[in-house]
Amino acid sequence: VFAGAVWDAAQIEQVLIHFVLHDVAVRGNGWSSVRGKLYGIRHHTIRHGQQDPLKDKLRLKQVMRALKKYKGPGAGKKPVDRAILLILEKMLHYHTSDDDLTLWAATLTAWHFMMRSSEYTAKRTGGKFDMDRVIRVCDVEFLCRGVITKRYELADEVRITFGKQKCRAGGDVRSLYAAEHQLCVVRVLATLFQRRQFTDPSQAVFAWPSGSKNRGQGVRYADMVRIVKAAATRAGLDASEYSTHSMRKGGAQGYLL
(Lines give C-alpha, C1' and ligand atoms only; values in the text may rest on other atoms or scores of the structure.)
Protein backbone atom coordinates (compact mmCIF):
# COMPACT_ATOMS: atom_id res chain seq x y z
CA VAL A 1 0.00 0.00 0.00
CA PHE A 2 2.70 2.45 1.00
CA ALA A 3 5.63 1.08 -1.01
CA GLY A 4 7.15 3.83 -3.12
CA ALA A 5 4.99 6.59 -1.59
CA VAL A 6 6.53 9.57 0.19
CA TRP A 7 4.04 10.09 3.01
CA ASP A 8 4.57 11.25 6.55
CA ALA A 9 3.39 9.26 9.57
CA ALA A 10 0.21 11.32 10.04
CA GLN A 11 -0.92 10.71 6.44
CA ILE A 12 -0.27 6.97 6.75
CA GLU A 13 -2.22 6.86 10.00
CA GLN A 14 -5.18 8.69 8.43
CA VAL A 15 -5.30 6.27 5.49
CA LEU A 16 -5.23 3.31 7.88
CA ILE A 17 -8.04 4.78 10.01
CA HIS A 18 -10.13 5.32 6.88
CA PHE A 19 -9.43 1.71 5.90
CA VAL A 20 -10.60 0.46 9.32
CA LEU A 21 -13.79 2.53 9.24
CA HIS A 22 -14.60 1.37 5.69
CA ASP A 23 -14.01 -2.28 6.59
CA VAL A 24 -16.33 -2.01 9.59
CA ALA A 25 -19.09 0.29 8.28
CA VAL A 26 -19.26 -0.86 4.64
CA ARG A 27 -18.04 -4.47 4.69
CA GLY A 28 -19.40 -5.33 8.14
CA ASN A 29 -16.20 -6.86 9.51
CA GLY A 30 -15.33 -7.04 13.19
CA TRP A 31 -12.23 -6.32 15.24
CA SER A 32 -10.41 -9.61 14.61
CA SER A 33 -10.89 -9.45 10.81
CA VAL A 34 -9.75 -5.83 10.65
CA ARG A 35 -6.73 -6.56 12.83
CA GLY A 36 -5.74 -9.44 10.55
CA LYS A 37 -5.93 -7.17 7.51
CA LEU A 38 -3.85 -4.48 9.21
CA TYR A 39 -1.13 -7.03 9.93
CA GLY A 40 -1.36 -8.15 6.31
CA ILE A 41 -0.70 -4.55 5.23
CA ARG A 42 2.20 -4.39 7.69
CA HIS A 43 3.71 -7.64 6.36
CA HIS A 44 3.39 -6.55 2.71
CA THR A 45 4.88 -3.11 3.39
CA ILE A 46 7.88 -4.43 5.35
CA ARG A 47 8.57 -7.02 2.64
CA HIS A 48 8.93 -4.13 0.20
CA GLY A 49 11.64 -2.52 2.34
CA GLN A 50 9.47 0.10 4.03
CA GLN A 51 9.06 0.87 7.71
CA ASP A 52 6.37 -0.68 9.88
CA PRO A 53 3.23 1.35 9.03
CA LEU A 54 1.55 0.41 12.34
CA LYS A 55 4.36 1.60 14.58
CA ASP A 56 3.65 4.61 16.84
CA LYS A 57 0.14 5.15 15.43
CA LEU A 58 -1.61 6.14 18.66
CA ARG A 59 -4.88 7.33 17.05
CA LEU A 60 -5.11 4.08 15.11
CA LYS A 61 -4.61 2.10 18.32
CA GLN A 62 -7.39 4.16 19.92
CA VAL A 63 -9.77 3.36 17.08
CA MET A 64 -8.91 -0.35 17.30
CA ARG A 65 -9.46 -0.40 21.08
CA ALA A 66 -12.86 1.22 20.58
CA LEU A 67 -13.71 -1.26 17.83
CA LYS A 68 -12.76 -4.17 20.08
CA LYS A 69 -15.24 -2.96 22.70
CA TYR A 70 -17.93 -2.29 20.10
CA LYS A 71 -17.48 -5.30 17.85
CA GLY A 72 -14.88 -7.53 19.44
CA PRO A 73 -14.18 -11.21 18.77
CA GLY A 74 -17.16 -13.55 19.11
CA ALA A 75 -17.14 -17.00 20.58
CA GLY A 76 -16.17 -18.58 17.25
CA LYS A 77 -17.04 -22.06 16.04
CA LYS A 78 -16.51 -25.10 18.23
CA PRO A 79 -13.91 -27.69 17.19
CA VAL A 80 -14.71 -31.00 15.54
CA ASP A 81 -13.19 -33.62 17.85
CA ARG A 82 -12.43 -37.30 17.29
CA ALA A 83 -15.89 -38.33 18.53
CA ILE A 84 -17.63 -36.24 15.85
CA LEU A 85 -15.25 -37.59 13.19
CA LEU A 86 -16.13 -41.16 14.21
CA ILE A 87 -19.84 -40.33 13.87
CA LEU A 88 -19.19 -38.81 10.46
CA GLU A 89 -17.24 -41.91 9.43
CA LYS A 90 -20.34 -44.03 10.14
CA MET A 91 -22.53 -41.68 8.09
CA LEU A 92 -20.50 -41.97 4.87
CA HIS A 93 -20.54 -45.18 2.80
CA TYR A 94 -17.01 -44.63 1.56
CA HIS A 95 -16.23 -48.32 1.19
CA THR A 96 -18.66 -48.62 -1.73
CA SER A 97 -19.31 -45.04 -2.93
CA ASP A 98 -16.58 -43.00 -4.66
CA ASP A 99 -18.54 -39.82 -3.93
CA ASP A 100 -18.56 -40.58 -0.20
CA LEU A 101 -14.90 -41.61 -0.33
CA THR A 102 -14.07 -38.21 -1.82
CA LEU A 103 -16.04 -36.49 0.97
CA TRP A 104 -14.40 -38.61 3.67
CA ALA A 105 -10.91 -38.02 2.29
CA ALA A 106 -11.58 -34.26 2.13
CA THR A 107 -12.83 -34.34 5.73
CA LEU A 108 -9.81 -36.16 7.17
CA THR A 109 -7.31 -34.15 5.11
CA ALA A 110 -8.90 -30.89 6.28
CA TRP A 111 -8.81 -32.03 9.92
CA HIS A 112 -5.31 -33.54 10.03
CA PHE A 113 -3.66 -30.80 7.97
CA MET A 114 -5.70 -28.02 9.63
CA MET A 115 -6.70 -26.60 6.26
CA ARG A 116 -8.66 -23.53 5.29
CA SER A 117 -11.77 -24.28 3.25
CA SER A 118 -10.37 -22.74 0.04
CA GLU A 119 -7.53 -25.28 0.14
CA TYR A 120 -9.77 -28.31 -0.30
CA THR A 121 -13.31 -27.24 -1.31
CA ALA A 122 -14.86 -25.90 -4.51
CA LYS A 123 -15.66 -22.56 -2.93
CA ARG A 124 -16.10 -20.31 -5.95
CA THR A 125 -19.45 -19.44 -7.55
CA GLY A 126 -21.03 -22.42 -9.24
CA GLY A 127 -19.07 -24.92 -7.15
CA LYS A 128 -15.74 -24.25 -8.88
CA PHE A 129 -12.27 -24.71 -7.38
CA ASP A 130 -9.78 -21.89 -6.93
CA MET A 131 -6.91 -23.68 -8.64
CA ASP A 132 -4.31 -21.31 -7.17
CA ARG A 133 -5.23 -22.45 -3.66
CA VAL A 134 -6.77 -25.91 -3.74
CA ILE A 135 -4.52 -28.97 -3.49
CA ARG A 136 -4.15 -30.83 -6.78
CA VAL A 137 -3.20 -34.40 -7.59
CA CYS A 138 0.37 -33.31 -8.34
CA ASP A 139 0.61 -31.69 -4.89
CA VAL A 140 0.19 -35.03 -3.07
CA GLU A 141 3.05 -37.53 -2.72
CA PHE A 142 3.04 -40.90 -0.99
CA LEU A 143 6.16 -42.35 0.59
CA CYS A 144 7.19 -45.75 1.89
CA ARG A 145 10.14 -45.63 4.30
CA GLY A 146 11.09 -42.20 2.98
CA VAL A 147 10.97 -43.12 -0.72
CA ILE A 148 8.23 -41.79 -3.04
CA THR A 149 5.98 -44.59 -4.24
CA LYS A 150 2.98 -45.13 -6.52
CA ARG A 151 2.13 -48.35 -4.66
CA TYR A 152 -0.39 -46.57 -2.50
CA GLU A 153 -1.22 -49.63 -0.39
CA LEU A 154 2.38 -49.59 0.94
CA ALA A 155 2.47 -45.88 1.82
CA ASP A 156 3.36 -45.00 5.39
CA GLU A 157 3.55 -41.23 4.84
CA VAL A 158 1.73 -38.59 2.80
CA ARG A 159 3.28 -35.25 1.84
CA ILE A 160 1.26 -32.27 0.58
CA THR A 161 2.63 -29.12 -1.07
CA PHE A 162 0.24 -26.24 -0.50
CA GLY A 163 -0.61 -23.56 -3.05
CA LYS A 164 -1.34 -19.91 -2.37
CA GLN A 165 -2.55 -19.34 1.18
CA LYS A 166 -4.10 -16.53 3.14
CA CYS A 167 -0.76 -15.29 4.48
CA ARG A 168 1.76 -17.11 2.27
CA ALA A 169 2.66 -17.19 -1.41
CA GLY A 170 2.58 -21.01 -1.51
CA GLY A 171 5.05 -23.88 -1.59
CA ASP A 172 4.72 -24.95 2.05
CA VAL A 173 5.20 -28.71 2.48
CA ARG A 174 3.59 -30.70 5.31
CA SER A 175 3.84 -34.44 6.03
CA LEU A 176 1.92 -36.92 8.15
CA TYR A 177 2.62 -40.56 8.95
CA ALA A 178 0.24 -43.50 8.89
CA ALA A 179 -1.39 -44.79 12.07
CA GLU A 180 -3.42 -47.87 12.90
CA HIS A 181 -6.91 -46.41 13.28
CA GLN A 182 -9.89 -45.58 11.05
CA LEU A 183 -9.10 -41.84 11.14
CA CYS A 184 -5.72 -42.32 9.45
CA VAL A 185 -5.47 -39.73 6.67
CA VAL A 186 -2.64 -41.61 4.91
CA ARG A 187 -4.75 -44.72 4.49
CA VAL A 188 -7.83 -42.82 3.30
CA LEU A 189 -5.92 -40.68 0.79
CA ALA A 190 -4.08 -43.77 -0.48
CA THR A 191 -7.44 -45.51 -0.97
CA LEU A 192 -8.76 -42.47 -2.84
CA PHE A 193 -5.79 -42.43 -5.22
CA GLN A 194 -5.92 -46.19 -5.67
CA ARG A 195 -9.66 -46.25 -6.48
CA ARG A 196 -9.81 -43.10 -8.59
CA GLN A 197 -6.67 -43.73 -10.69
CA PHE A 198 -6.18 -40.02 -11.45
CA THR A 199 -4.85 -39.29 -14.94
CA ASP A 200 -4.77 -35.47 -14.81
CA PRO A 201 -2.11 -34.27 -12.33
CA SER A 202 -3.46 -30.71 -12.43
CA GLN A 203 -7.00 -31.56 -11.28
CA ALA A 204 -8.21 -30.91 -7.75
CA VAL A 205 -7.82 -33.95 -5.50
CA PHE A 206 -11.37 -33.71 -4.18
CA ALA A 207 -13.10 -33.34 -7.56
CA TRP A 208 -16.14 -35.56 -8.00
CA PRO A 209 -15.58 -38.81 -9.89
CA SER A 210 -16.80 -39.14 -13.46
CA GLY A 211 -20.53 -39.74 -13.57
CA SER A 212 -21.23 -38.19 -10.18
CA LYS A 213 -24.62 -36.51 -9.76
CA ASN A 214 -23.33 -34.13 -7.09
CA ARG A 215 -23.35 -30.42 -7.87
CA GLY A 216 -20.21 -28.46 -8.65
CA GLN A 217 -16.75 -29.55 -9.74
CA GLY A 218 -16.05 -31.30 -6.48
CA VAL A 219 -16.57 -31.16 -2.72
CA ARG A 220 -18.14 -27.76 -2.15
CA TYR A 221 -17.99 -25.51 0.89
CA ALA A 222 -21.73 -26.14 1.32
CA ASP A 223 -21.17 -29.92 1.26
CA MET A 224 -18.66 -29.71 4.11
CA VAL A 225 -20.90 -27.43 6.16
CA ARG A 226 -23.80 -29.86 5.67
CA ILE A 227 -21.98 -33.01 6.82
CA VAL A 228 -20.24 -31.29 9.74
CA LYS A 229 -23.55 -29.95 11.04
CA ALA A 230 -25.25 -33.32 10.46
CA ALA A 231 -22.58 -35.11 12.49
CA ALA A 232 -22.83 -32.53 15.29
CA THR A 233 -26.62 -33.01 15.37
CA ARG A 234 -26.23 -36.80 15.63
CA ALA A 235 -23.87 -36.22 18.55
CA GLY A 236 -26.61 -34.23 20.31
CA LEU A 237 -24.79 -30.92 19.87
CA ASP A 238 -25.94 -27.52 18.61
CA ALA A 239 -25.24 -27.66 14.86
CA SER A 240 -25.15 -23.84 14.59
CA GLU A 241 -21.89 -23.87 16.57
CA TYR A 242 -20.07 -25.97 13.91
CA SER A 243 -18.89 -25.20 10.39
CA THR A 244 -15.88 -25.78 8.11
CA HIS A 245 -13.57 -23.82 10.42
CA SER A 246 -14.44 -26.38 13.10
CA MET A 247 -12.29 -28.85 11.12
CA ARG A 248 -9.21 -26.60 11.18
CA LYS A 249 -9.77 -25.72 14.82
CA GLY A 250 -10.44 -29.34 15.79
CA GLY A 251 -7.32 -30.63 14.08
CA ALA A 252 -5.16 -28.07 15.85
CA GLN A 253 -6.65 -28.92 19.25
CA GLY A 254 -6.49 -32.65 18.57
CA TYR A 255 -2.79 -32.56 17.78
CA LEU A 256 -2.08 -30.27 20.73
CA LEU A 257 -3.73 -32.80 23.03
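Taking all atoms of both residues into account, the shortest heavy-atom contact from M91 to A230 is CE-CB, 3.6 Å. When every heavy atom of I135 is checked against every heavy atom of T161, the shortest pair comes out as CG2-O, 4.4 Å. Summarising the geometry of A231 relative to I84, their closest heavy-atom pair is CB-CG2, 3.8 Å, with the distance given to 0.1 Å. Between V134 and A204 the shortest heavy-atom distance is CG1-CB, 4.1 Å. Taking all atoms of both residues into account, the shortest heavy-atom contact from S202 to M131 is O-CE, 3.2 Å. Here the shortest heavy-atom pairing between Y120 and T244 reads OH-CB, 4.0 Å.
Ionic pairing of E119 and R133 is not present here: no N-O contact between side-chain nitrogen and carboxylate oxygen is shorter than 4.0 angstrom. Residues R145 and D156 are not paired through a salt bridge, judged by the lack of any N-O separation under 4.0 Å between the basic side chain and the carboxylate. The existence of a salt bridge linking D98 and R196 is excluded, since no basic side-chain nitrogen approaches an acidic carboxylate oxygen closer than 4.0 Å.
Using a distance-only test at 3.5 Å, with no hydrogens or angles considered, a donor-acceptor pair links the side chain of E13 to the main chain of L60. A donor-acceptor pair under 3.5 Å links the side-chain atoms of D139 to the main chain of R136, judged by distance alone. The backbone N or O of C184 sits less than 3.5 Å from a side-chain atom of H181, completing a donor-acceptor pair. Using a distance-only test at 3.5 Å, with no hydrogens or angles considered, no donor-acceptor pair links the side chain of R187 to the main chain of E180. When atom types are taken as modelled, the side chain of W208 and the backbone of G218 share a donor-acceptor pair closer than 3.5 angstrom. Between the side chain of D100 and the main chain of Y94, no donor-acceptor pair closer than 3.5 Å is present.
Within the 4.5 Å cutoff, no side-chain heavy atoms of F206 are placed close to those of T121. When side chains are defined from C-beta on, V20 does not count as touching L16, because their heavy atoms never get closer than 4.5 Å. Residues R195 and L101 have side chains in contact (heavy-atom distance under 4.5 Å, counting atoms from C-beta outward). Side chains of R159 and V140 form no contact here, defined as non-hydrogen atoms less than 4.5 Å apart. The side-chain heavy atoms of R42 and T45, taken from C-beta on, include no pair separated by under 4.5 Å. Using a 4.5 Å heavy-atom threshold, the side chains of T233 and D238 count as separate. Contact check for V24 versus N29: no side-chain heavy atoms found under the 4.5 Å cut-off. Looking only at side-chain heavy atoms (C-beta outward), K37 and R27 come within less than 4.5 Å of each other.
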>> As a quick check of understanding, evaluate side chain to side chain contact (heavy atoms under 4.5 Å, CB included) for F142 and L154, giving each step before the final call.
In response: CA-CA 9 Å; F142 294 90; L154 300 179; over 6 Å; no
> For Y242 and V225, what are the C-alpha separation, side-chain angles and deciding distance, and is it a side chain to side chain contact (heavy atoms under 4.5 Å, CB included)?
Replying inline: CA-CA 8 Å; Y242 294 84; V225 172; over 6 Å; no
>> For a side chain to side chain contact (heavy atoms under 4.5 Å, CB included) check, start with the C-alpha distance between D200 and V137, then their side-chain angles and the critical distance, and finish with the verdict.
In response: CA-CA 7 Å; D200 181 4; V137 172; over 6 Å; no
>> Please evaluate residues K77 and S243 with respect to the criterion side-chain hydrogen bond (donor to acceptor under 3.5 Å, both in side chains), reporting the C-alpha separation (whole Å), side-chain torsions for both, the decisive distance (0.1 Å), and the verdict.
In response: CA-CA 7 Å; K77 296 299 181 182; S243 190; 5.5 Å; no
>> Test side chain to side chain contact (heavy atoms under 4.5 Å, CB included) on V34 and L67; report intermediate values, then the result.
In response: CA-CA 9 Å; V34 174; L67 176 60; 4.1 Å; yes
>> Assess the residue pair Q217 and R124 against the criterion (side-chain hydrogen bond (donor to acceptor under 3.5 Å, both in side chains)); give the C-alpha distance rounded to whole Å, side-chain angles, the decisive distance to 0.1 Å, and a yes or no.
In response: CA-CA 10 Å; Q217 292 180 336; R124 286 190 165 179; over 6 Å; no
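Note on W31 and Y70: same hydrophobic cluster, where clusters join Ile, Leu, Val, Met, Phe, Trp and Tyr whose side-chain heavy atoms are under 4.5 Å apart, directly or indirectly. Cluster annotation: V185 is not connected to I148 through the hydrophobic network of ILVMFWY side chains, with a link wherever side-chain heavy atoms come within less than 4.5 Å. Under the 4.5 Å side-chain heavy-atom criterion for ILVMFWY residues, a single connected hydrophobic cluster contains both V15 and Y39. Hydrophobic cluster membership is shared by L86 and V228, with clusters built from Ile, Leu, Val, Met, Phe, Trp and Tyr side chains linked at under 4.5 angstrom. Linking ILVMFWY residues whenever their side-chain heavy atoms come closer than 4.5 Å, directly or via other members, leaves V205 and L143 in distinct clusters.
Annotation: ring-ring contact (aromatic ring centres under 6.0 Å, His included) contacts of F198 (sequence neighbours excluded): F193.
Distance check, rounded to the nearest 0.5 Å: OG of S118 to OH of Y221 gives 10.5 Å. E153 contributes atom CD, which lies 10.0 Å from atom OG1 of T191 (distance to the nearest 0.5 angstrom). Separation of atoms NZ (K123) and CZ (R116) is listed at 10.0 Å; rounding is to 0.5 Å. Between the CG atom of L92 and the OG1 atom of T102 there is a distance of 10.5 Å, given to the nearest 0.5 Å. Interatomic distance, NE2 of H95 versus NE2 of H93, reported as 10.5 Å (0.5 Å rounding). In this structure, K61 NZ and K57 NZ are separated by 9.5 Å, a value rounded to the nearest 0.5 Å.
If you check the side chains of S97 and D99, you find no donor sitting under 3.5 Å from an acceptor. With 3.5 Å as the limit, one finds a donor-acceptor pair spanning the side chains of R59 and Q14.
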List the atom pairs, donor and acceptor, that lie under 3.5 Å between side-chain atoms in residues 105-115 and the rest of the protein, sequence neighbours left out.
unit_1, atom_1, unit_2, atom_2, d
T107, OG1, L103, O, 2.8
T109, OG1, A105, O, 2.6
W111, NE1, V80, O, 2.8
H112, ND1, Y255, OH, 2.8
H112, NE2, L183, O, 2.6

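Few gaps surround CD on Q197; more than 12 heavy atoms of other groups in view lie less than 6.0 Å from it.
Annotation: cation-pi pair R174/F162 present, NZ/CZ under 6.0 Å from the ring centroid and within 45° of its normal.
A centroid separation of less than 6.0 Å is found between the aromatic rings of H44 and H48.
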